[in-house]
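Residue numbers start from 1 in every chain, and the chains themselves are labelled A, B, ... in the order their sequence lines are given, proteins ahead of strands.
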Amino acid sequence: MSGRRQYPFHLIEPKWQKVWDEQNAFRAFNPGEEIPANHPFAVRHKLSGKVAATQLPPKFYILDMFPYPSGAGLHVGHPEGYTATDILARYKRAQGFNVLHPMGWDAFGLPAEQYAVKTGQHPRKTTEENIATFKRQIQSLGFSYDWSRELATTDPDYFKWTQWIFLKLYNSYFDPSLNKAMPISLLEDALSEEPKRQTEWEKSEFLVSTRKWAVIPERSAERIARIRRNFANDNRLAYVSEQPVWWCEQLGTVLANEEVVDGKSEVGGFPVVRKPMRQWMLRITAYAEKLLQDLDTIDWTDSLKEMQRNWIGRSEGAEVNFAVADTKLPISIRVFTTRPDTLFGATYMVLSPEHNIVEMITSSQQKKAVEDYKTFASGKSDLERAELAKEKTGVFTGAFAINPVNGEKIPIWIADYVLASYGTGAIMAVPAHDERDWEFAKKFNLPIVEVVWDPEVLAKLKTATYGAIPIPLESPFCGEGVARRSPPHGWGLKDPSGERCDINRLPTAEAKKKITAWLEEKSLGKKTINYKLRDWLFSRQRYWGEPFPIVWKIGPDGESYHEALPESALPVLPPTLEDYKPTATGEPPLARAKDWVNLPDGSVRETNTMPQWAGSCWYYLRYLDAKNNSAFVGKDVENYWMGVASSLRLDKSAHSADATKPGVDLYVGGTEHAVLHLLYARFWHKVLFDLGYVSTPEPFFKLVNQGMVLGEDNQKMSKSRGNVIPVDVPVAEVGTDALRLYEMFMGPLEMVKPWSTKGVEGVYRFLGRVWRLFVDEKSETEFEQAETTAETQRRGELLNLIKLNPAIQNVVATPAQLKTLHACIKKVTEDLDGLRFNTAISAMMVFVNDAITWETKPVSVLREFLILLQPFAPHIAEELWQKLSANSQLPTANLAYAPWPKFDAALLVENEIEIPVQVNGKLRDVIKVSVNAPQADLEAAAKNSEKVKPFIEGKTIKKIIVVPKKMVNLIVA
RNA sequence: GCCGGUGUGGCGAAAUGGCAGACGCACAGGACUUAAAAUCCUGGGACCGUAAAACGUCGUGUGAGUUCGAGUCUCACCACCGGCACCA
């Protein structure tokens, strides 16, 4: 930055940061907490001592997505969201809310662990160093965080409660009839009361052994205990499952679906493969419907909601059973379809290569081909599968199934275009009405049977014969239409004795309903809702994460089983290691600590750790009561900050009703968390809500995604491009206030926008103009001379040399000055309510551009302007406020708690206004008229305009449109 | 392919269906200065004109439509950004 310094921000900013820090100025008080009488919050609200929730002002909880403290520090893109929330926090504080605005650290994570693997240095050390850097940088920006609530997910005092919540999940199940989570003990008790009840567990045993329904007659105590245990384990929200998971060799860990992008790890971009492993899972699928439906109750952007909807992937359809033909075993294959109306067109069946029935049904002739194909398919990474997607592959199993609606025998194939992880892992193929089935059928010469009329084709036909064999299709018709070729015209009737379902002539929606009802009646299928969402893979083979509060034991029957540690054993701390790599046998690093793993009673600790997402699932709750060591959050405290009652405004006349909703009032962060963090956190919150630990079903009422800040070259900021601007650079050159202002002035919060150093200078100049509006230039010159000779430590005091601008006087404001001020108050207030920071700033620029021309500047007007400026540029505003107050013998209480001004609409009323006159919709003149001029006067004035006359002379005025106070439009022939 | 978002000067952008381009950047001219920086003032959509203006015409991705009047509403299309993607 070249040129003279606009104003002494280098002294002002540290000065006020120190003042705020010493005063604990932004400390937020919980109900029942001791409020010091001299605290600015106490002074503003005339409170002190211990204050009950009902006596505290209404709350406003404004939250940032807490950062992962990386080694690189902050660049200018980071503070965008933090600045927006800080401005809002300061604004709400000025309005009189009890504002909760905290910050913390999402500190578990891979980089610190990888550094530990390389160097042997404990990841805690790296993490603490990085936190220190991040904290210093964030604090240099003057954000009004309540640092007394700071937390890190890596603190044992914090992850103790992460583990505690895991135990809640472990000890709960989802009850479909109550539609909520309940303690698992209820299920266990129910089982004890009814020892002879046929449990789900018994049914599954029944299928594989006797193939008969039977009550197992005698049970030993051991056996009952085992049934109980297994039944409970099968229903827990946190459960163990052996299933194919994403394994990343390079990272030495498994990954969640959400962490795998394009067949590569989201972190590092390493290849991943499917591998069956024993893993901890969280039953998020039980909440799929709630997670979907409750999106309608919260104020998030459409695109974000849509991303979550897509991820949950709800689809309605039917499950249909296809009996396997020519076998003595009563085997049937279930498929999921959204188009049961096309069942008559199902000409073959496809299973995913991993489907567990494949082995059982494959004919001996096809065994080799099937085995080869399975090897081929499992060898493909997901990336390869996606790349090769265009070319369909598959093999015939040699087996056939019976189409339940027409008795037709159809071949069963396996192909990797059918995914094991979706639906039932098997499909009925309807090539006439599905793109993929069509391609497959074409390639392997399978029959194509058209059973839905394309409405466009139907419209062209004089008479439609619903049983006629159609002209061969050129492409599949996948839309909705009219059903055809079901009985009595059904295709391939092989079993004339059976009762048929006739859906001919029915539109798709009705056909679906009718055939589904028919299937249900015949026990051949049922209506189903299917979700794309999978259960959350919750264990990682890492060191730097929360250990599970779980031990493994061996039962008397030799079966290994897990058991939760008691709450008293929390926190479970990770052991100190010499080497942070996984073991040679592929066990997680924790397995190296033999003393830690093996407990005296012979049980063995779980050696997996939780994923990084665990800590961020509930941090917003811990902020409420960060020091509580007897609960994850106190009940009353939670109710005050998250509940509905305390968010009702005292001043109901003010502004919109955006604070009357519960939960976090405003949450700001990047889109990168659209499906991971935000889905997981909602899930945990809903479980905690069901179990009665929190007051609301949703955690984040309003959520805004800030847009990315690009580099000056319009590219995303990255090290490799060399376009990264660390925050320290503008802070040193133009100060934090200018940086904050520019972050917001660039454009709308949600938009992607490029950084511009020149643009920063522009807002910096604006702050310089504000400064010169307030101070005496002569005294500033003296200050500058004194500063060059003063010792560094004493320079701060020199700010006192700067005197107020003599034009600032205790005089009554003129109507014009009041109008300028109140126009600014109105615009800034409304724009802040709508999160339109950029236009709020331009309104303040307009004010300053005007005020700087005033010969005398009334103190009262400038004071109110500083209150408006304070949220945006708090340091300069406080400094000027202090000077102004001292000079005018006004109280010098913190500007941060000064009440927000109200605009007076009466002051904005104009007597005379300029309105446009149009002829045939084209602007021809602007006329000055009295604001209340009657319509006739407006018409006359318009017609008399010299500029308008040439356009209406000699023509007939057919119509005159007058919009009072807006415009006149003359319509001529 | 599907879903969501965005298209306005040289640039970032602003405009409850009613004067398009507020505010800022960059640029140009002027004042101050020995000079520069900083600051202050003035001017900037394009075209046609003109010494300079007035006037005039065109102009918000493209094409249609609704309306007295469209950047704004409707329909169709194009481009870019983001997400999902063999989801049965």
Side-chain angles (χ1 to χ4, degrees), chain A residues 2-6 261-262 301-311 313-315 317 335-339 342 350 352 385-386 388-390 392 415-419 421-430 433-437 439-440 478 530-533 671-672 674-675 705 707-708 714 741-742 745-748 750-763 765-766 768-769 772 777 827 836 838-846 849 852-853 914-926 947 950 958-963 965-972:
Chain A
S2 57
R4 189 186 142 178
R5 183 181 283 133
Q6 290 279 350
V261 178
D262 292 335
T301 60
D302 287 340
S303 70
L304 193 62
K305 286 186 183 183
E306 207 49 36
M307 278 190 228
Q308 294 224 338
R309 285 193 194 106
N310 287 342
W311 195 264
R314 181 187 202 271
S315 56
V335 303
F336 173 74
T337 176
T338 54
R339 292 295 298 270
T342 63
V350 188
S352 71
R385 267 201 185 192
L388 299 170
K390 275 159 206 137
K392 293 275 180 294
D416 66 0
Y417 83 90
V418 173
L419 307 176
S421 56
Y422 183 76
T424 60
I427 62 157
M428 61 179 217
V430 185
H433 305 293
D434 182 281
E435 293 268 357
R436 298 147 301 177
D437 297 344
E439 283 172 31
F440 194 80
C478 306
N530 203 14
Y531 300 92
K532 224 159 73 179
L533 185 70
T671 6
E672 65 271 21
V675 281
N705 287 126
M708 205 177 325
N714 248 308
L741 217 51
Y742 182 65
F745 189 62
M746 274 187 284
E750 312 87 321
M751 294 293 156
V752 176
K753 55 238 153 190
W755 187 258
S756 156
T757 301
K758 288 291 183 188
V760 184
E761 288 178 39
V763 293
R765 272 202 285 270
F766 163 67
R769 270 204 308 288
R772 290 189 293 278
E777 289 201 53
K827 183 86 178 125
R836 295 180 297 268
N838 53 334
T839 48
I841 293 167
S842 69
M844 291 190 291
M845 288 173 169
V846 170
N849 289 346
I852 214 153
T853 66
E914 290 188 335
I915 64 164
V917 179
Q918 299 175 348
V919 178
N920 285 348
K922 291 205 176 190
L923 178 72
R924 296 304 175 188
D925 195 11
V926 175
K947 288 180 183 172
K958 280 167 51 182
K959 195 175 175 187
I960 302 178
I961 290 143
V962 178
V963 183
K965 299 181 194 181
K966 289 285 185 190
M967 49 76 66
V968 179
N969 191 5
L970 307 173
I971 312 302
V972 298

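- Counting any heavy atom pair closer than 4.0 Å across all strands shown, A:Asn849 reaches sugar-phosphate atoms only and no base atom.
- Within 4.0 Å (heavy atoms only), A:Arg924 reaches sugar-phosphate atoms of the nucleic acid but no base atom.
- Position along RNA chain B of the nearest nucleotide to A:Ile852 versus A:Thr671 favours A:Ile852 as the more 5'-ward residue.
- Between A:Asn705 and the phosphate of B:G5, there is no side-chain N or O to OP1/OP2 separation shorter than 4.0 Å.
- Checking the phosphate oxygens (OP1, OP2) of B:G59, no side-chain nitrogen or oxygen of A:Lys922 falls inside 4.0 Å.
- Counting only heavy atoms from C-beta on, A:Ser842 has its side chain closest to B:C23 among B:G4, B:C23, B:C40.
- Between A:Gln6 and the phosphate of B:U39, there is a side-chain N or O to OP1/OP2 separation shorter than 4.0 Å.
- Using a 4.0 Å heavy-atom criterion, one finds that A:Gly313 contacts no nucleic acid atom at all.
- At a threshold of 4.0 angstrom between heavy atoms, the contacts of A:Arg309 with the nucleic acid are absent.
- Pairing for B:C2 is with B:G83, a Watson-Crick or G-U wobble pair whose two hydrogen-bonding atom distances lie under 3.5 Å.
- Distances shorter than 4.0 Å separate none of the side-chain N or O atoms of A:Ser303 from OP1 or OP2 on B:G83.
- Rounded to the nearest Å, the gap between the P atom of B:U72 and that of B:C81 is 24 Å.
- Listed candidates were B:U39, B:C23, B:G24. Nearest to the side chain of A:Arg772 is B:U39.
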Report each atom pair, protein N/O against N/O of nucleotides 26-33 of chain B, whose distance is under 3.5 angstrom.
from	atom 1	to	atom 2	distance (Å)
B:A26	OP2	A:Arg765	NH2	3.1

Protein within reach of the bases, or only the backbone? For nucleotides 12-19 of chain B, mark each nucleotide 5' to 3' as B, S or -, using heavy atoms under 4.0 Å.
BSS-B-BB
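- Distance from the side chain of A:Thr338 is smallest to B:A88 among B:C84, B:G4, B:A88.
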